Amino acid sequence: MRVRRTTGPLRRGWWAALAVAAALVAASPLTGSSATPPSPGPAPVPPVAVTADDRRVLDRAEQLLTRECMNRAGFQLWLGPPKRTDEPRVFPYVVDDVGWARAHGFGTDLIEAANARRLTDPNQRYFAALPRDRRAAALVALNGARPEGLEARLPSGGVIRHSAEGCTAQAWQRLYGDLAAWYRSSKVVAQLASLRERRVLADPAWTAALRPWSQCLRQRGYPVDTPGQLREHVADRGRAAEVAAAVAEARCAEGGLAATARALDARHDADLAAAHRQDVATRDRLERAALPRARAVVAASEDR
């Protein structure tokens, strides 16, 4: 009996498959091939961090876009001042800068200045002067009719919501693109600071470092165990008493409490960032992507 040979495309396909199989076997580490493995590619470049100045640009662009939207809706909106760098909560644990303490005490002067700015805020005066129906319409234009569409489950366990409509949400959308992801990640990351502070104040290392600090203050005439008690101790005693107590707090913090606070803050910050790495990465990615758009918005407003 004659054996029929396979010819044409089928035969060529069979030989091609066989050649591929042979090549795979030859390349397999199980064959003992001496083929040199491909060299690894260049290490990935870490993403550029978003700086405080970058976030000021993002904040300014958000205000500009929100104002533009409100103007189209028939309402006025004034831009707020740039974010300040001397906010009262510079020292969440203990004042550790003697020069700052001499200038601001515990920061009540900064709090009073912030309150005064709020009282003279043109947006507050404008909204308050609107007739009731127009005021309600303005708030809907700004924040949407109902807090629906955007949701963030906070690390503390609570849930906050915001409308996906209105000028505020439209500004977020134009800047960050993925509105739901931006809202969720930004709100989660924003709460990490307060969680970090709580963890530091509950850390046994903080409690241990308070003892010599407290002893130092007692020697200076302040019978207190914590920075919070020191503030209560001099409350309503006037500016001079506040400054003197703040300087004493900073002097005594030099004995170790300030260094402990910084170390604990860094450690708990890293722990929380790792625990919520996905939200941190999403927030940072969306902010980096939004920066060119934000700069263009700010530049366009300056050209007008």
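This structure is a prediction, so every number in the text was calculated from the model and none was measured. Position 1 is the first residue of the sequence, and the numbers go up from there.
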Colleague: Do the non-hydrogen side-chain atoms of Leu139 and Phe127 ever get within less than 4.5 Å of each other?
Modeller: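 Counting from C-beta outward, Leu139 and Phe127 do come under 4.5 Å.
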Colleague: Who passes salt bridge (Lys or Arg N to Asp or Glu O under 4.0 Å) against Glu242, sequence neighbours left out?
Modeller: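 Arg239.
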Colleague: When you measure from the side chain of Arg67 to the backbone N and O of Leu79, does any donor-acceptor pair fall under 3.5 Å?
Modeller: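 Between the backbone of Leu79 and the side chain of Arg67 there is no qualifying donor-acceptor contact (under 3.5 Å).
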Colleague: Return yes if some donor-acceptor pair links the side-chain N/O of Arg237 with the main-chain N/O of Val234 below 3.5 Å, else return no.
Modeller: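 No; zero donor-acceptor contacts below 3.5 Å.
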Colleague: Identify, with sequence neighbours excluded, every residue that meets salt bridge (Lys or Arg N to Asp or Glu O under 4.0 Å) alongside Arg135.
Modeller: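 For Arg135, no residue satisfies salt bridge (Lys or Arg N to Asp or Glu O under 4.0 Å) once neighbours in sequence are set aside.
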Colleague: Is the backbone of Gln63 close enough, under 3.5 Å, to the side chain of Asp59 for a donor and an acceptor to pair up by distance?
Modeller: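 Side chain of Asp59 to backbone of Gln63, a donor-acceptor pair under 3.5 Å: no, none is there.
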Colleague: Is it true that, when you exclude Asn115 itself, more than 12 heavy atoms of the residues, nucleotides or ligands shown sit nearer than 6.0 Å to its CG?
Modeller: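 Check passes, neighbour count above 12.
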Colleague: Any pair with a residue in residues 92-174 that passes disulfide (SG to SG under 2.5 Å), sequence neighbours left out, goes on the list, sorted by first then second residue, please.
Modeller: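 Listed by first then second residue: Cys69-Cys167.
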Colleague: Do Trp206 and Leu257 have side chains that get closer than 4.5 Å, going by heavy atoms?
Modeller: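 Yes; the side chains approach each other to less than 4.5 Å.
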Colleague: So which atom in Ala258 and which in Val94 form the shortest heavy-atom distance, rounded to 0.1 Å?
Modeller: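 Answer, listing the atom of Ala258 first, then Val94: CA-CG1, 4.5 Å.
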Colleague: Are Val297 and Leu286 linked, directly or through other ILVMFWY residues, by side chains that come within less than 4.5 angstrom of each other?
Modeller: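 Yes, Val297 and Leu286 fall within the same hydrophobic cluster.
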Colleague: Are the side chains of Arg161 and Arg146 in touch, meaning some heavy atoms are under 4.5 Å apart?
Modeller: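 Side chain of Arg161 against side chain of Arg146, heavy atoms only: no contact under 4.5 Å found.
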Colleague: Set out, in order, the CA-CA distance, both residues' side-chain angles and the distance that settles side chain to side chain donor-acceptor pair (under 3.5 Å) for Thr51 and Asp54, then state yes or no.
Modeller: CA-CA 5 Å; Thr51 67; Asp54 291 336; 3.1 Å; yes
Colleague: Is the closest side-chain heavy-atom distance between Gln229 and Tyr222 below 4.5 Å?
Modeller: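 A side-chain contact is absent here, since even the closest heavy-atom pair is not under 4.5 Å.
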Colleague: Report yes or no: does Arg60 contribute a side-chain atom to a donor-acceptor pair with the main-chain N or O of Gly80 at less than 3.5 Å?
Modeller: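 Checked: pair present.
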Colleague: Between Glu197 and Arg199 (salt bridge meaning N to carboxylate O under 4.0 Å), is one present in this structure?
Modeller: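 Looking at Arg199 together with Glu197, the answer is no, because their closest N to O distance does not fall below 4.0 Å.
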Colleague: Below 4.5 Å, heavy atoms only, C-beta onward: do Val95 and Pro227 meet side chain to side chain?
Modeller: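 No, too far: nothing below the 4.5 Å cut-off.
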Colleague: Kindly indicate, with the supporting measurements, whether the criterion side chain to side chain donor-acceptor pair (under 3.5 Å) is fulfilled by Ser163 and Glu148.
Modeller: CA-CA 5 Å; Ser163 175; Glu148 296 174 354; over 6 Å; no
Colleague: I'd like to check Tyr93 versus Thr260 (side-chain heavy atoms, cut-off strictly below 4.5 Å). Are they in contact?
Modeller: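 They are not in side-chain contact.
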Colleague: I'd like to know if the side chain of Gln191 reaches the main chain of Ser156, judged simply by a donor and an acceptor atom lying under 3.5 Å from each other, with no hydrogens or angles considered.
Modeller: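 Flag set: sc Gln191 to bb Ser156 pair under 3.5 Å.
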Colleague: Going by the rule salt bridge (Lys or Arg N to Asp or Glu O under 4.0 Å), which residues pair with Arg288 if we only count those two or more places apart in sequence or in a different chain?
Modeller: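 Result, salt bridge (Lys or Arg N to Asp or Glu O under 4.0 Å) vs Arg288: none returned.
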Colleague: About how many Å separate OG1 of Thr168 and CG of Leu142, when rounded to the nearest 0.5 Å?
Modeller: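 Going from the CG atom of Leu142 to the OG1 atom of Thr168 covers 4.0 Å.
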Colleague: Between the side chains of Arg295 and Asp53, is the shortest nitrogen-to-carboxylate-oxygen separation below 4.0 Å, so that they form an ion pair?
Modeller: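 The answer is no: the pair does not qualify as a salt bridge.
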Colleague: Any non-hydrogen side-chain atom of Arg125 less than 4.5 Å from a side-chain atom of Thr120?
Modeller: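 Yes, at least one pair of side-chain atoms sits under 4.5 Å.
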Colleague: Side-chain donor-acceptor pairs under 3.5 Å in residues 207-216, sequence neighbours left out?
Modeller:
| residue | atom | partner | partner atom | Å |
| --- | --- | --- | --- | --- |
| Trp213 | NE1 | Glu249 | O | 3.3 |
| Ser214 | OG | Arg218 | NE | 3.4 |
| Ser214 | OG | Val224 | O | 2.5 |
| Ser214 | OG | Asp225 | OD1 | 3.3 |

Colleague: Please check: side-chain N/O of Tyr126 versus main-chain N/O of Gln76, any donor-acceptor pairing under 3.5 Å?
Modeller: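 Pair found, side chain donor or acceptor close to backbone of Gln76.
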Colleague: Please give me the minimum heavy-atom distance between Val298 and Val57, naming the atom from each residue.
Modeller: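 Nearest pair, atom of Val298 first, then Val57: CG2-O, 4.0 Å.
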Colleague: What is the distance from atom NE2 of His268 to atom CG of Leu192, rounded to the nearest 0.5 Å?
Modeller: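 CG of Leu192 is found 13.5 Å from NE2 of His268.
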Colleague: Testing the basics here: between Leu175 and Ala61, what is the closest heavy-atom pair and its distance to 0.1 Å?
Modeller: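 Smallest interatomic distance, heavy atoms only, reads CD2-CB, 4.0 Å.
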Colleague: How close do Cys252 and Leu217 get, counting heavy atoms only, and between which atoms?
Modeller: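 Closest heavy-atom pair between Cys252 and Leu217: SG-N, 3.6 Å.
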Colleague: Rounded to the nearest 0.5 Å, how far does CG of Asp178 lie from CZ of Arg184?
Modeller: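 The CG atom of Asp178 is 7.5 Å from CZ of Arg184, to the nearest 0.5 Å.
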Colleague: Would you mind reporting whether Leu272 and Leu195 have side-chain heavy atoms less than 4.5 Å apart?
Modeller: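 When only atoms from C-beta onward are counted, Leu272 and Leu195 do touch, with a gap below 4.5 Å.
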Colleague: Please say yes or no: joined through hydrophobic side-chain contacts below 4.5 Å, possibly via intermediate residues, are Leu58 and Leu64 part of one cluster?
Modeller: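 Per the 4.5 Å side-chain linkage, Leu58 and Leu64 are co-clustered.
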Colleague: So, Asp203 and Arg267, do they make that salt bridge, N to O below 4.0 Å?
Modeller: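 Yes, this pair counts.
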Colleague: Does Glu165 use its side chain to pair, donor to acceptor, with the backbone of Ala145 at less than 3.5 Å?
Modeller: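 No; judged by distance alone, with no hydrogens or angles, the pair does not exist.
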Colleague: Rounded to the nearest 0.5 Å, what's the gap from CD on Glu151 to OH on Tyr183? Could you check?
Modeller: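 The CD atom of Glu151 sits 9.0 Å away from the OH atom of Tyr183.
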Colleague: Please round to the nearest 0.5 Å and tell me the distance separating atom NE2 of His233 and atom OG1 of Thr226.
Modeller: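 Between His233 NE2 and Thr226 OG1, I get 12.0 Å after rounding to 0.5 Å.
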Colleague: What about Leu291 and Val280, same hydrophobic cluster or not, with Ile/Leu/Val/Met/Phe/Trp/Tyr joined at side-chain heavy-atom distances under 4.5 Å?
Modeller: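 No.
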Colleague: Once rounded to the nearest 0.5 Å, what's the spacing between atom CG of Leu77 and atom CG of Asn123?
Modeller: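 Atom-to-atom, Leu77:CG and Asn123:CG are 4.5 Å apart.
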Colleague: Check Ala73 against Ala141 and note the closest heavy-atom contact, atom names and distance.
Modeller: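 Heavy atoms of Ala73 and Ala141 come nearest at CB-CB, 4.2 Å.
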Colleague: Tell me, please, which residues at least two apart from Arg262 pass side chain to side chain donor-acceptor pair (under 3.5 Å).
Modeller: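 Side chain to side chain donor-acceptor pair (under 3.5 Å) list for Arg262, sorted by chain: Asp96.
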Colleague: Distance-only, no hydrogens or angles: does the Arg220 side chain make a donor-acceptor pair with backbone N or O of Ala248 under 3.5 Å?
Modeller: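 Flag not set: sc Arg220 to bb Ala248 has no pair under 3.5 Å.
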Colleague: Are Phe91 and Leu201 linked, directly or through other ILVMFWY residues, by side chains that come within less than 4.5 angstrom of each other?
Modeller: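 Yes.
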